[in-house]
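Throughout, protein chains are lettered first and strands after them, A, B, ... in sequence-line order, and every chain is numbered starting at 1.
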Protein chains: 2
Amino acid sequence: MTDDSADESDAGRRAPLTGRELAKALGISQSTISRAFSEGATISPKMRAKVLEAARELGYQPNVIARSLTTRRSGIVGIVTANMTNPFYVSILQPLARRLQQMGLQTLLFSVPSGQQIDSQLPLLLQYNVDAIVVMTGTISAEMARRWADAGRLVLPFSYTIPELDLPSVSCDNEAGGRAVAQHLVQMGHKRPAFVGGHPHSATSVARGRGFAQGLEELGVPLFGRLDTGEYTYEGGYAAALELGRTRPDAIFFADDIMALGGMDALRFGLGLSVPQDISVVGFDNIPLAGWPTYELTTFAQPVEPMIEAAVRLLTRRDGEAVTAEHSALLPGTLVQRKSVRARGR
Amino acid sequence: MTDDSADESDAGRRAPLTGRELAKALGISQSTISRAFSEGATISPKMRAKVLEAARELGYQPNVIARSLTTRRSGIVGIVTANMTNPFYVSILQPLARRLQQMGLQTLLFSVPSGQQIDSQLPLLLQYNVDAIVVMTGTISAEMARRWADAGRLVLPFSYTIPELDLPSVSCDNEAGGRAVAQHLVQMGHKRPAFVGGHPHSATSVARGRGFAQGLEELGVPLFGRLDTGEYTYEGGYAAALELGRTRPDAIFFADDIMALGGMDALRFGLGLSVPQDISVVGFDNIPLAGWPTYELTTFAQPVEPMIEAAVRLLTRRDGEAVTAEHSALLPGTLVQRKSVRARGR
DNA sequence: TTCAATGTTGCATCCGGATGCAGCCTGATG
DNA sequence: CATCAGGCTGCATCCGGATGCAACATTGAA
């Protein structure tokens, strides 16, 4: 634009251009630069265009850190996760991160020991002016949740809920899913269906188990057996299936896919049973592995896409609108029938 | 401590305590607070203790954002990844993130479309004053790499290298791995070994393939077939195995495990072959799935732990010491023998 | 043509910590 | 007891943008 802009664009310069430098080059004030880059600021369209054009030319971009110092917003969303070995979480994490990126948000990954209270980690995240956190695991104290709400920060349990707190959450309708599985199994003629949960107190596991048990009860089939020691892992599912399998159920519903796969391997290799000839297996999540020919696992699919969209919508709300439990999204999933369930004659 | 500290600790306060507030409460200056929290600052041990104690009591923690504005360091490490569906990356990401956390560093997750140049994303990361980036995929232009080096930022290719650039990197000795696989297969009596790579130009795939080919050559066994269309995915491996399998090799070495698993399924379910009776399969990485009883995949294990330690060591270097390609860590892996390779008689 | 209302821009200051420099205090030395 | 060095602390200012308020420009109406 102006003449002395030339040396500013010198490729050799180290530090990135600051707003004041750009302002000087254009003969205007730093405030104007700032306004050109903020949405609703009072600035003439002509001036804004001029600034943006010059910025593009000279490679100026507002420094996010400095900005967040005053705005107290960072454009960063924290994601708290444990157990990333579970493919389901990965199949969430990847698209979620990418969607957030598209919306101009960054993703700060936070890995916590499985099942633990995450309170102790949160102040640290607050330090980074994280705008919101998506919690895929663990529990939060009411006290800490309140502190975050007070600070205008959204805490969003994803794919599970923390029943005691008034937090919005995004999850699949787990209870309906459990019920759907029960109906399917009964319809296919099963008489001795069993259930393997993740943890006895995990809200997710409890909901799926409850839906399953109620669905069976409604159809007059008793729950043949139950174990809550699957821990949402392959190994846990393997061990649980080994134990439960000896009692000869004719079907096992696992509260998630990775446990179901472990369970199938236990039934096949540990007990020498054949799935689905000797026993049917159903999972929950519909991770990619469930479709592999070795497993062909029938499973209740979580609506991953809609869940991510719902989360993104909540995360990109303008402040001011408080977001409470009423904004929760409880989305319906669908039963995906493959080959791990067989009709049993009677 | 002092009397008016009482109302500072009032649980109802919204914004976190600032250094100036804490200073006032203690009757000292903000500079002193700052010094108490920075490593090599000139401050008496007694004063530091007093400040830290009061800080703990009143819940003060220095604001990371403000700090990074002047220091130009943020304590954040960016991790650039594509293809998180590959369990290998997950098995790196999780422990790496946790280790970094232990060192007081945060992890900013950056997901880019697979195989793409990541240049366009990097300025954004620089905006966040990210201290370093760990690149698990993609390529960087020399220009951009230089810009980062100039800014005192470490760019660390992990588990692969970008041959043209003078960057340190952490990876497994892929060529040695390929050679070890060749030796094992020949020793087990294979005469028609084939190779499936990820991409024709991927440095990793090329190195593994070269080691394999050279190893075979040294032992006087010709490479029976080769395909570089595996794309590091299950589906790619499946397709490649289908194609290659028809030519009847007696063993296939896949450049990574996930392709190998796809390949095994293709051989078994697509071609009706039995592994290892009809054909042997070897992978690379040693992901958890490789040990599952359905697969029992023989594979060359990457030394994940040492690789992560090496990365953390490079990432936590004090500045000033330039880190160049000479600091690269090329770590040895080990062949894990399971049941997907069978000795072939004459 | 004049005055007011509206629209733009600049000035000054703030966000929370880091840091160069000056001033103070301590203790050791002569 | 005086003096000087070295160790600590406080003061002032900076990092890069955001923003309330005042000043100025523009436009339209009277």
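Within the structure, a side-chain polar atom (N or O) of Ser29(A) is placed less than 4.0 Å from OP1 or OP2 of dG10(C). Here Ser34(A) reaches the OP1 or OP2 of dA18(D): one of its side-chain N or O atoms lies under 4.0 Å away.
The distance from atom CZ of Phe37(A) to atom C1' of dG16(D) is 13 Å, rounded to the nearest whole Å. Atom CE of Met47(A) is separated from atom P of dC24(D) by 16 Å (rounded to the nearest Å). In this structure, Lys46(B) places its NZ atom 13 Å from C1' of dG7(D), rounding to the nearest Å. One atom, CZ of Arg48(B), and another, P of dT9(D), lie 10 Å apart when rounded to the nearest Å. Put simply, CG on Leu69(A) is 11 Å from P on dA18(D), counting in whole angstrom units. In this structure, Arg67(A) atom CZ and dC14(C) atom C1' are separated by 17 Å, rounded to whole Å. Protein atom NZ of Lys24(A) is 14 Å distant from nucleotide atom P of dG17(D), rounded to whole Å. As a whole-Å value, the separation of Tyr128(B) OH from dG16(D) P is 17 Å.
Under 3.5 Å, the side chain of Arg20(A) and the base of dG17(D) form at least one donor-acceptor pair of N or O atoms. Side-chain to base pairing of Arg35(B) with dG10(D): one donor and one acceptor N or O lie within less than 3.5 Å of each other.
At a threshold of 4.0 angstrom between heavy atoms, the contacts of Gln127(B) with the nucleic acid are absent. Across all strands shown, Ile65(B) has no heavy atoms under 4.0 Å from either base or sugar-phosphate atoms. Contacts of Thr32(A) with the nucleic acid, taken as non-hydrogen atoms under 4.0 Å apart, involve only primed sugar atoms and P, OP1 or OP2. At a threshold of 4.0 angstrom between heavy atoms, the contacts of Ser44(B) are confined to the sugar-phosphate backbone, with no base atom among them. Across all strands, Ser31(A) comes closer than 4.0 Å to base atoms (heavy-atom distances). Contact annotation for Ile33(A): no contact, since no heavy-atom pair falls under 4.0 Å across all strands.
The side chain of Thr42(A) lies closest to dT8(C), out of dC15(D), dG10(D), dT8(C). When distances are taken from the side chain of Asn63(B) to each of dA18(D), dG17(C), dC11(D), the shortest belongs to dG17(C).
Between the side chains of Ser34(B) and Ser31(B), no donor-acceptor pair is found at a separation under 3.5 Å. Using modelled atom types, one finds no donor on one side chain facing an acceptor on the other under 3.5 Å when comparing Gln101(B) with Arg98(B).
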**Request:** Take Glu143(B) and Arg146(B) through the test salt bridge (Lys or Arg N to Asp or Glu O under 4.0 Å) and record every step on the way to the result.
**Result:** CA-CA 5 Å; Glu143(B) 151 71 12; Arg146(B) 194 182 52 67; 3.3 Å; yes
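A donor-acceptor pair is defined here as one N or O able to donate and one able to accept, closer than 3.5 Å; no such pair exists between the side chain of Tyr60(A) and the backbone of Val51(A).
Tested against Val312(A), the residues Val77(A), Leu96(A), Val170(A) include a single side chain to side chain contact (heavy atoms under 4.5 Å, CB included) partner, Leu96(A).
Comparing Pro45(A) and Gln30(A) by the nucleotide of DNA chain C that holds the closest heavy atom to each, the one mapping nearer the 5' end is Pro45(A). Residue Ile43(A) is the one, among Ile43(A) and Ala66(B), whose nearest nucleotide of DNA chain C lies closer to the 5' end (criterion: closest heavy atom).
In this structure the side chain of Asp131(B) reaches within 4.5 angstrom of the side chain of Ser74(B), judged on heavy atoms.
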